[in-house]
Protein chains: 2
Amino acid sequence: MIKESIRVLVVEDHHVVRQGLVALLNVVDGLEVVGEAADGVEAIAQFRKHQPDITLIDLRLPRMSGVDVIQRIRMETPLARLIVLTTYDGDEDIYRALQAGARAYLLKGMTSEELIATIRAVHAGKSHIPAAIAEKLAERMGTEELTPREFDVLEQIVHGKSNKEIGAVLEISEATVKTHINSLLGKLGVTDRTQAATAAIQRGIVPLESLRKPKS
Amino acid sequence: MIKESIRVLVVEDHHVVRQGLVALLNVVDGLEVVGEAADGVEAIAQFRKHQPDITLIDLRLPRMSGVDVIQRIRMETPLARLIVLTTYDGDEDIYRALQAGARAYLLKGMTSEELIATIRAVHAGKSHIPAAIAEKLAERMGTEELTPREFDVLEQIVHGKSNKEIGAVLEISEATVKTHINSLLGKLGVTDRTQAATAAIQRGIVPLESLRKPKS
DNA sequence: TCCGGAATCCATCCAAAGGTGTAGGGGTGA
DNA sequence: TCACCCCTACACCTTTGGATGGATTCCGGA
């Protein structure tokens with residue numbers, strides 16, 4: 001009798017990378033790529049259609065973020081098994097992806113053996129977080145959560161707004177802005193707005209893409 | 001008579017991506033992958049060994065940056081044909097790579113058809129810069145060059161240093177630091193240090209990796 | 001119901017950052 | 001040699017940012 005293959009969905013926006021992954025996985029005994037998606041919306045459609053055993057997913061996707069896709073899939077199919085496969089994206093993304101229900105988090109730098117082993121492990125019900133990732137995660141744990149308002153302010157700081165401008169945008173007084181800043185500086189463990197901005201970018205709290213200037 | 005294949009060297013640090021690229025290129029008629037490298041030092045060694053017709057190279061590499069590798073290869077072999085293949089890395093990297101002698105700059109998001117067509121075109125002696133990239137480049141052109149000292153100061157700003165600290169690090173007076181800042185703010189088209197920091201990161205003038213805290 | 005955290009606001013004080021003008025020394029290319 | 005740019009530096013002034021302490025409202029959990 002023929003052994004059942006593990007049915008895999010590959011979600012990755014870079015064509016050549018996706019094609020490479022598919023080619024790589026399809027030659028492996030016991031694995032079968034049943035679907036591909038290049039963006040978040042497509043990913044959900046493909047998942048519904050194929051109900052794969054394992055979903056390999058990049059976090060940076062057009063149209064809908066990888067984290068949102070994970071959340072959505074998990075909501076519809078709580079026992080879905082998802083593996084995040086991405087380049088380093090800052091502590092925040094790791095945290096959110098795992099929070100959202102990803103079972104494993106792999107970096108693209110890993111070998112194909114590791115990838116395949118992880119797919120098998122996750123399919124067997126295990127989780128897998130590389131040591132390097134676990135470390136980042138542990139670091140993050142020591143950090144307090146920003147409140148929504150503090151996050152709003154931080155976002156504006158990253159966008160280069162002055163306190164006065166932030167007040168105007170959020171429709172609060174400049175004094176309040178200062179209060180929030182004071183509190184978020186403490187939580188981020190930094191001493192001024194510039195450090196807060198770089199920390200926010202580096203940790204992935206505020207996505208770098210949001211910096212691109214909208215056309216004038 | 002058998003047509004000569006175009007001999008390609010693939011330089012890319014992410015294993016799965018590299019394997020995918022190699023698999024993808026090897027099945028194409030008229031292309032032959034003659035070498036692979038996972039970091040900059042290896043890249044140069046492989047280039048010397050194989051003297052490939054085309055070198056596909058990622059800009060983010062361990063041990064030696066892609067731009068440095070390009071410069072080095074071009075110095076030794078001025079007629080080397082190099083294609084940069086990378087995810088978006090900020091205007092600065094594009095500029096420096098082309099400056100260093102790359103003939104084409106492709107994003108990983110492109111289709112494999114585009115990739116193959118570009119390889120053939122560059123092999124035939126042409127250059128190829130996608131429209132989206134050319135646009136960034138044009139934008140950059142309007143910008144004045146930072147002086148070395150201004151760059152030093154900007155780097156420190158990104159690292160969250162105060163003017164006083166910057167003065168100490170660079171061994172100049174705080175007044176001089178302010179002078180440099182004033183001038184670089186103008187050149188970057190921003191109004192304060194926080195904007196300067198995010199602009200530097202976003203444009204790739206200061207690499208984000210340099211922000212990682214060295215272990216205490 | 002009471003407590004605590006979040007969010008809002010205010011005033012005050014001091015430090016830091018930014019704007020402007022000026023100026024000397026060093027190097028380089030026309 | 002002269003013009004030009006870079007680096008350095010200082011003075012002066014204004015604006016912004018950050019620290020601190022105190023205050024009100026609202027809401028959800030114990």
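Computed from a prediction, not measured in an experiment: that's the story for all the values here.
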Are any non-hydrogen side-chain atoms of M110(B) and V16(A) less than 4.5 angstrom apart?
-> yes
Could you tell me the separation between the CG atom of D192(A) and the C1' atom of dG18(C), rounded to a whole number of Å?
-> 15 Å
Can you tell me how far P of dA11(C) sits from CD of E174(A), to the nearest Å?
-> 12 Å
Side chain to side chain contact (heavy atoms under 4.5 Å, CB included) partners for K126(B), two or more places apart | A121(B)
Out of dG18(C), dG18(D), dT8(C), minimum distance to the side chain of R193(A) belongs to dG18(D)
From dA7(C), dA9(D), dC7(D), pick the nucleotide closest to the side chain of I172(B)?
-> dA9(D)
Residue H180(B), side-chain atoms from C-beta onward, closest of dC10(C), dA7(C), dT8(D) | dT8(D)
Nearest listed nucleotide, side chain of T147(A), among dA7(C), dC10(C), dT8(D) = dA7(C)
Please report, rounded to the nearest Å, how far the C1' atom of dT15(D) is from the CD atom of E165(A).
-> 13 Å
Of the candidate nucleotides dA7(C), dG18(C), dC10(D), which contains the atom at the shortest distance from the side chain of L185(B)?
-> dG18(C)
Using atom CZ of F151(A) as one end and atom P of dA6(C) as the other, report the distance to the nearest whole Å.
-> 17 Å
d(CG, N182(A); C1', dT20(D)) in whole Å = 8 Å
Would you indicate what S162(A) reaches in the nucleic acid, counting non-hydrogen atoms under 4.0 angstrom: base, sugar-phosphate, or nothing?
-> sugar-phosphate
Take the protein atom CD1 of I181(A) and the nucleotide atom C1' of dA6(C), then report the distance between them rounded to whole Å.
-> 17 Å
With a 4.5 Å heavy-atom cut-off, do I172(B) and H180(B) have their side chains touching?
-> yes
Judged by atom type as modelled, is there a donor-acceptor pair below 3.5 Å linking the side chain of D39(B) to the main-chain atoms of L61(B)?
-> no
Which residue, A175(A) or K187(A), contacts DNA chain C at a nucleotide closer to its 5' end, judged by nearest heavy atom?
-> K187(A)
To the nearest angstrom, the NZ-C1' distance between K164(A) and dG18(D) comes to 16 Å
To the nearest angstrom, the NZ-C1' distance between K178(B) and dC7(D) comes to 18 Å
Tell me what N163(A) touches on the nucleic acid: a base, only sugar-phosphate, or nothing, going by heavy atoms under 4.0 Å.
-> sugar-phosphate
If you round to the nearest 0.5 Å, how far is CD1 of I119(B) from CG of L56(B)?
-> 4.5 Å
Looking across every strand, which nucleic acid part, if any, lies under 4.0 Å from T176(A) by heavy atom: base, sugar-phosphate, or nothing?
-> base
